[in-house]
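Have a look at the structure below, then the notes.
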Amino acid sequence: MSVLVARPLPQRRLTGQRHALVATAHMRLMILMLLFTAAIAVILIRLAIFGLFAEASTPRLAQIGPAWARGDIVDRNGEPLARTIEAWAIGVHPGKLLGDKRELSARLAELMPTHDAGWFYQRLTMEVNFTFLEHHASPSLVEQVHALGEPALVFDKEAERLYPQTTLAAHVLGFLGQNRNDKRIIEGQGGIERAFEERLTDPVQRGTPLALSIDYRVQAAMESELGAAMTAFQARGATGVVLDVHTGEIISMVSLPVFNPNKVGAANRDSLRNNVTQSVYELGSTFKPITMAAAIESGVVTSMAKRYDATQPLHVGGFTIHDDHAQRRFLNVPETLIHSSNIVTARIADEIGKDRLAGMFAKMGFDAKPDIEILEKQKPIWPKYWARTTVMTTGYGHGIAVTPLHLANAYATLVNGGIWRPTTLIRVAPGKAPTGRRVLSEATSARMRQLLRLIVTQGTGRKGEAPGYRVGGKTGTAEVAGAGGYSKKANVSTFAAAFPMDAPRYVVVAMLDSPIGNAQSFGLTTAAFTAAPVVSKVISRTGSMLGVMPDNGRDIDVSDLMPLLWHAPGGDSGDPE
């Protein structure tokens, strides 16, 4: 009997089978990995193509980036005046709409009533890949539109330039370009936004807010008082300036009518114009102190007691110069300004002569555009030919036209010691004020401070006084010049002032264009009753904010001039300019 004994397979054979199975598994895994990699590659390629071509054809993403990079604008105290915030845009791919377009248009009009259903239907049927339906949408509106369930409607975050103070300092700030034909124009349009476009978008500097010289509290007060006067006197326009006499910083700049930079599309052309720097006016008797300063500086006037004939109108060639409120007597220098005599000012200007008077006006910057950063500014109307009568009339502000900012800067020069400095809308660091140029001597400036103070205490500027603030200034009422000559029914009334006159810190100018008299002004439209009270109220509201404490126990010393005044110390009401 034989016995069968099982023998194990050779070890080499088993090892070979395992290697074959492992190799097969590896091969299958490699194939799967290659297929997976290929699928990923296809997806990435499609995404890249979509990003390069599909998105390039829509403006929604390409336009968001630059606007986000715009720097903030703040006032001198750090209060925000312009900021860039996050908002939403609602758009649609018309060719991908699935639902009924008319029904969708009606639903969209209900949610966004700024446009009717017809407007939305026109957008939904456009033969374009993409179009916007709404910009700066709120999150709640986005949620409501999304709930309509139309996949062709899309939403994207976008930048919104917000002016949190609405109309405040609108002409100073400017605005960003409007949306036209779905092309987002984000460059600055006017004001600081335009003038500092490069600074506000510079990657290095945009993280630091641009600090302006404007004080939003003073700006608000000026806008409030000037707006109230413009309404009360039904004026066509109004301007106001508050200027630091030692640094050239503009603390307030107001032009009325105004616009809302958040809704600039609703603004008209008149409201977009900055009348402080873009409009020129014949500013009348406010020029008389400048002429008097030129006379003192040039040596034409060496004594305040010198008397000039104002007994009757002055006839020069075929022209007659008269006083609106004639004193019909000889007037000395202080009385000339207190009573705002055209006759005496013309006589003094004639003595000064063309070269010296025009030279003084040029030193004040009246022959060039205002020296300021914003680009919206107008060159003055300078006489083409300086006849003898031209010299006389420009001496009291007729025949030459400047902007209100020119006038404010000239008055700063009159009272600050005689130094002309360029004006600025950018905050000046302590000790960094520009050197400027000397126009008047210290002695002439000191005398002008006395004379301007007397005009307020004794003459036409009485309604410009602000108790405790020692205001000095000059009224000016000039007929509006037009193509047919001077209007007898419309004027420009201006009050240019400075305070406190014993140590001047600020100039305040208020101007009303074509005011209409009312009961408050006794039917008069002269600056004494229209513009001067505005300056008084602005100074009373803002003086302490600006660091000037009211003090009824202080004043500039005018004791050497008081004996020269007729009926001193009371004087009379003077010319109601």
Side-chain angles (χ1 to χ4, degrees), residues 171 226-227 229-241 254-258 268-288 290-291 319-325 340 342 345-346 361 366 370 377-384 389-390 392-408 410 460 473-496 509-518 520-535 575-577:
H171 293 94
L226 203 58
M230 181 176 168
T231 300
F233 296 110
Q234 303 176 59
R236 183 169 63 184
T239 62
V241 178
V254 178
S255 176
L256 301 177
V258 74
N268 58 41
R269 181 175 297 180
D270 287 342
S271 66
L272 290 175
R273 185 176 183 84
N274 184 352
N275 292 313
V276 177
T277 60
Q278 286 183 278
S279 297
V280 296
Y281 306 88
E282 292 190 5
L283 295 173
S285 297
T286 58
F287 266 52
K288 290 173 183 173
I290 303 171
T291 300
F319 297 91
T320 300
I321 297 173
H322 59 85
D323 287 342
D324 292 331
H325 190 69
S340 197
N342 296 334
T345 305
F361 290 160
F366 292 173
K377 46 194 175 184
Q378 180 65 40
K379 187 175 181 180
I381 297 177
W382 186 263
K384 293 182 180 179
T389 52
T390 305
M392 289 181 167
T393 58
T394 55
Y396 57 85
H398 288 264
I400 184 171
V402 300
T403 70
L405 186 58
H406 279 105
L407 184 69
T460 64
K474 182 69 185 78
T475 52
T477 305
E479 294 174 345
V480 174
Y486 290 95
S487 171
K488 297 297 182 182
K489 297 181 179 180
N491 63 46
V492 173
S493 62
T494 309
F495 186 55
V509 174
M511 188 211 78
L512 293 169
D513 184 357
S514 306
I516 298 174
N518 58 21
Q520 176 184 339
S521 67
F522 307 100
L524 299 173
T525 60
T526 53
F529 293 96
T530 57
V534 173
V535 172
D575 177 10
E577 282 193 356

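Throughout, residue positions are numbered sequentially from 1 according to the sequence presented. Predicted model only: the values in this text are computed from it and were never measured.
Scored by the side chain to side chain donor-acceptor pair (under 3.5 Å) test, S514 finds no partners at all (sequence neighbours excluded). Applying the side chain to side chain contact (heavy atoms under 4.5 Å, CB included) test to S255 and every residue at least two apart in sequence or in another chain returns H171, N274, N275, V276. For A238, the side chain to side chain contact (heavy atoms under 4.5 Å, CB included) partners are L226, M230, L256, L512, not counting sequence neighbours. Checked against side chain to side chain donor-acceptor pair (under 3.5 Å), T530 has the following partners two or more places apart in sequence or in another chain: S493. In this structure I516 satisfies the side chain to side chain contact (heavy atoms under 4.5 Å, CB included) test together with Q234, sequence neighbours excluded. When the side chain to side chain contact (heavy atoms under 4.5 Å, CB included) test is applied to T320, the partners found at least two apart in sequence or on another chain are P313, H315.
In this structure the side chain of L407 never reaches within 4.5 angstrom of the side chain of P404, judged on heavy atoms. Counting only heavy atoms from C-beta outward, the side chains of V480 and D513 approach each other to under 4.5 Å.
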Intermediate values then yes/no, side-chain contact (heavy atoms from CB on, under 4.5 Å), V402 and F287: CA-CA 11 Å; V402 300; F287 266 52; 4.1 Å; yes

Residues T239, V241; criterion side-chain contact (heavy atoms from CB on, under 4.5 Å); working and verdict: CA-CA 7 Å; T239 62; V241 178; 5.9 Å; no

Check against side-chain contact (heavy atoms from CB on, under 4.5 Å), V492 and M511: CA-CA 7 Å; V492 173; M511 188 211 78; 3.5 Å; yes

Test side-chain contact (heavy atoms from CB on, under 4.5 Å) applied to I321 and Y396, step by step: CA-CA 11 Å; I321 297 173; Y396 57 85; 3.6 Å; yes

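Closest heavy-atom contact between H322 and D324: CE1-OD1, 3.6 Å. Contact detail for R273 and S279: the closest heavy-atom pair is NE-OG, 2.9 Å. Across every non-hydrogen atom of L272 and Q278, the tightest pair is O-OE1, 4.4 Å. Counting all heavy atoms, side chain and backbone alike, P370 lies closest to T403 at CG-OG1, 4.2 Å. In this structure, H406 and P380 approach most closely via the heavy-atom pair CE1-CG, 3.4 Å. Shortest non-hydrogen contact noted between A410 and I290 is CB-CD1, 3.9 Å.
Each of T494, T286, T460, T526 was evaluated against T475; a single residue qualifies, T460, per the side-chain hydrogen bond (donor to acceptor under 3.5 Å, both in side chains) test.
With hydrogens and angles disregarded, a donor-acceptor distance shorter than 3.5 Å links the side chain of D323 to the backbone of N342. With hydrogens and angles disregarded, a donor-acceptor distance shorter than 3.5 Å links the side chain of T393 to the backbone of H398. Here the side chain of T477 pairs a donor or acceptor atom with the backbone of A527 at under 3.5 angstrom.
Between the side chains of K288 and S340, at least one donor N or O lies within less than 3.5 Å of an accepting N or O.
Ring geometry, W382 versus F361: the interplanar angle exceeds 60°, so the pair is classed perpendicular (tilted spans 30 to 60°).
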